[in-house]
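Keep in mind that this is a model prediction, so the values were computed, not measured. In the text below, chain A, chain B and the rest are named by the order of the sequence lines, each starting its count at 1. Atom set for the values below is all heavy atoms of this structure, side chains included, hydrogens, waters and symmetry mates excluded.
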2 protein chains.
Amino acid sequence: MPSSTVEDYIKRLYHEEQRAPGTLVPMGRLAEAMNVVPGTVTTMIKALADSGLVYYEPRAGVRLTDGGRKLALHVLRRHRLVELFLVQTLGFNWSEVHDEAERLEHTISDKVLDKIDAFLGFPKADPHGSPIPCAKGIIAHEPTQTLTSCVVGERYRIARVLDNDAQFLQFAERNGLVPEAHITVISKDDYADALVVSCHSRNAPCTLGSSAAARIFVAPALLQ
Amino acid sequence: MPSSTVEDYIKRLYHEEQRAPGTLVPMGRLAEAMNVVPGTVTTMIKALADSGLVYYEPRAGVRLTDGGRKLALHVLRRHRLVELFLVQTLGFNWSEVHDEAERLEHTISDKVLDKIDAFLGFPKADPHGSPIPCAKGIIAHEPTQTLTSCVVGERYRIARVLDNDAQFLQFAERNGLVPEAHITVISKDDYADALVVSCHSRNAPCTLGSSAAARIFVAPALLQ
DNA sequence: AGGCGCATTTTGACCAGTCAAAAAGAAAGA
DNA sequence: TCTTTCTTTTTGACTGGTCAAAATGCGCCT
Ligand SMILES: [Mn+2]
Ligand SMILES: [Mn+2]
Ligand SMILES: [Mn+2]
Ligand SMILES: [Mn+2]
């Protein structure tokens, strides 16, 4: 059984790969993402390569193997189902559940996972709009367009909000920036590095800096 | 924060103390209970003594301090609430939940614990009849009389069934030997090392060897 | 008192995961 | 081609938890 440390490295690697598909993830990037020193990553990645979870090209970078991707999706499934469970069943706010899930994702057995899945009615997405991989490891397409690249005036649907900053999630919720909300970017100012977004079914538009806007992923608006 | 290893030692020590209250638990006993070699226990107990969780008398044995007991009860609370949650909410059988709880007890935060407690309506006992310590660390009296020491012909109420053997729990359930069931020991044969117990609201009595009977704790029957 | 047996402790080793700091490689500029 | 700079790898050390095996201490029997 992979340790929780291994699971976290693999999951992290999956996320980093998403940000530039088809390329090797450099070691330094992974080190930063994992909050460890680069030498630690080198050691760990060698071990993961030995156990067949990653493909490692020294001095170039690292990539998940099929086995590694399967594990990553399994951890992601646990993480996201736990998050949804905490929100849906135990009444947590969507800003509180990420850190809890970060630990629980390593201790939930497959048996418990399946029960939770059934209990929640086989949900498709977590509270932040991230798709939940199915038991076989198939995951729905995750949109890659963020608020920063939206066309001004066009209608979009919020698909997903990054969940690693509790503070930001509370802000987003206050302003109606939640999955399935329909929005329009009213204006964009590249020099101020900010944009104004109007949330359909809300009165006051709100202003976001680009690093905040980059936390919100959008998809085409639904008809009507 | 205590590691899960530390929590398991402390919890184990609590259980061993229960079996002979007021005496020091010998190192060898703890080693056997923890499935580690005696030298490992010596090392660990010294560390626990340094952090004030146990009182350690070299070559004599070890005992929880008040701080240690508080931690033990906190872990026990997590363990038992998780067990009940798995049975009550996710539909697990009472024989499946002990091992799951053995891991989850270390990853459940106080916030999640309180939510579960409230969700279940502040229950008093786990699925096996063990009392759940309250948030302040107060625990109800745990009966110490087992089936082996019952008076033949007398009526008793099953208070608690040891939960560490899934196989036995399934057997017990099949035979109606569950908490709150009322029973009478029909006969006892010290030479055969067995006894026959009749379960009120059941037709067929069943036979238990003494090691099985020792897994079932009883209390005075309720009136009527 | 002396010796025996058993429980306990000590010692030396190992694995996973980590860091600090030194060494090595690669890429890019002069 | 030679240097400089940046990233990556290597080395040595540390912590927590464990084992095997040797050393030690204590009670008990003679
Ligand atoms: Mn994690
Ligand atoms: Mn999420
Ligand atoms: Mn445990
Ligand atoms: Mn139990």
Point to revise | Any residue meeting ring-ring contact (aromatic ring centres under 6.0 Å, His included) with A/His106, in chain and number order, not counting sequence neighbours | key: none

Which atom pairs, donor and acceptor, lie under 3.5 Å between side-chain atoms of residues 53-62 of chain A and protein residues at least two apart or in another chain?
| from | atom 1 | to | atom 2 | distance (Å) |
| --- | --- | --- | --- | --- |
| A/Tyr55 | OH | A/Glu57 | OE1 | 2.9 |

Point to revise | salt bridge (Lys or Arg N to Asp or Glu O under 4.0 Å) partners of B/Glu105, counting only residues at least two apart | key: B/Lys11

Check your understanding: For A/Arg69, what residues pass the salt bridge (Lys or Arg N to Asp or Glu O under 4.0 Å) criterion, not counting sequence neighbours?
Key -> A/Glu17, A/Asp66

Specify the separation, in whole Å, of atom [atom1] of [X] and atom [atom2] of [N].
{"X": "B/Glu7", "N": "D/dG16", "atom1": "CD", "atom2": "C1'", "value": "15 Å"}
{"X": "A/Leu30", "N": "C/dG17", "atom1": "CG", "atom2": "C1'", "value": "15 Å"}
{"X": "A/Glu32", "N": "C/dT18", "atom1": "CD", "atom2": "P", "value": "16 Å"}

Practice item. Identify, with sequence neighbours excluded, every residue that meets side-chain contact (heavy atoms from CB on, under 4.5 Å) alongside B/Glu96. Key: A/Lys111, B/Phe92, B/Asn93

Review point. Of all residues at least two apart in sequence or in a different chain, which pass the side-chain contact (heavy atoms from CB on, under 4.5 Å) check with A/Glu32?
Key: none

Practice item. Would you mind listing every side-chain hydrogen bond (donor to acceptor under 3.5 Å, both in side chains) that reaches into residues 210-219 of chain A, with sequence neighbours excluded? Key: A/Asn164-A/Arg215, A/Asp193-A/Ser210

Review point. Reading nucleotides 4-15 of chain C from the 5' end, what letters show protein touch, with B for base, S for backbone sugar-phosphate only, - for no heavy atom under 4.0 Å?
Key: ---BBBB-----

For residues 34-45 of chain A, which side-chain donor-acceptor pairs fall under 3.5 Å, sequence neighbours excluded?
| from | atom 1 | to | atom 2 | distance (Å) |
| --- | --- | --- | --- | --- |
| A/Thr42 | OG1 | A/Pro38 | O | 3.4 |
| A/Thr43 | OG1 | A/Gly39 | O | 2.9 |

Check your understanding: Between A/Ser3 and C/dA16, is there a side-chain N or O to OP1/OP2 distance below 4.0 Å?
Key -> no

Exercise for review: Measure from the side-chain heavy atoms of A/Met44 and tell me the nearest of D/dG17, D/dT18, C/dG17.
Suggested key: C/dG17

Review point. Given the rule in the side-chain contact (heavy atoms from CB on, under 4.5 Å) test, do B/Ile10 and B/Val75 qualify, once you have shown the distances and angles that lead to the verdict?
Key: CA-CA 9 Å; B/Ile10 292 296; B/Val75 179; over 6 Å; no

Exercise for review: Go through the side-chain N and O atoms of B/His98 and B/His79 and say whether any donor and acceptor fall under 3.5 Å apart.
Suggested key: yes

Review point. When you measure from every atom of DNA chain C, which of residues 8-22 of chain B have a heavy atom less than 4.0 Å away?
Key: none

Practice item. Note the angle between the end axes of the helix from C/dA1-D/dT30 to C/dA30-D/dT1, five pairs defining each, rounded to 10 degrees. Key: 30°

With a cut-off of 3.5 Å and sequence neighbours excluded, list every side-chain donor-acceptor pair involving residues 138-146 of chain A.
| from | atom 1 | to | atom 2 | distance (Å) |
| --- | --- | --- | --- | --- |
| A/Glu142 | OE1 | A/Arg160 | NH1 | 3.3 |
| A/Gln145 | NE2 | A/Ser149 | O | 3.2 |
| A/Thr146 | OG1 | A/Thr148 | N | 3.4 |
| A/Thr146 | OG1 | A/Thr148 | OG1 | 2.5 |

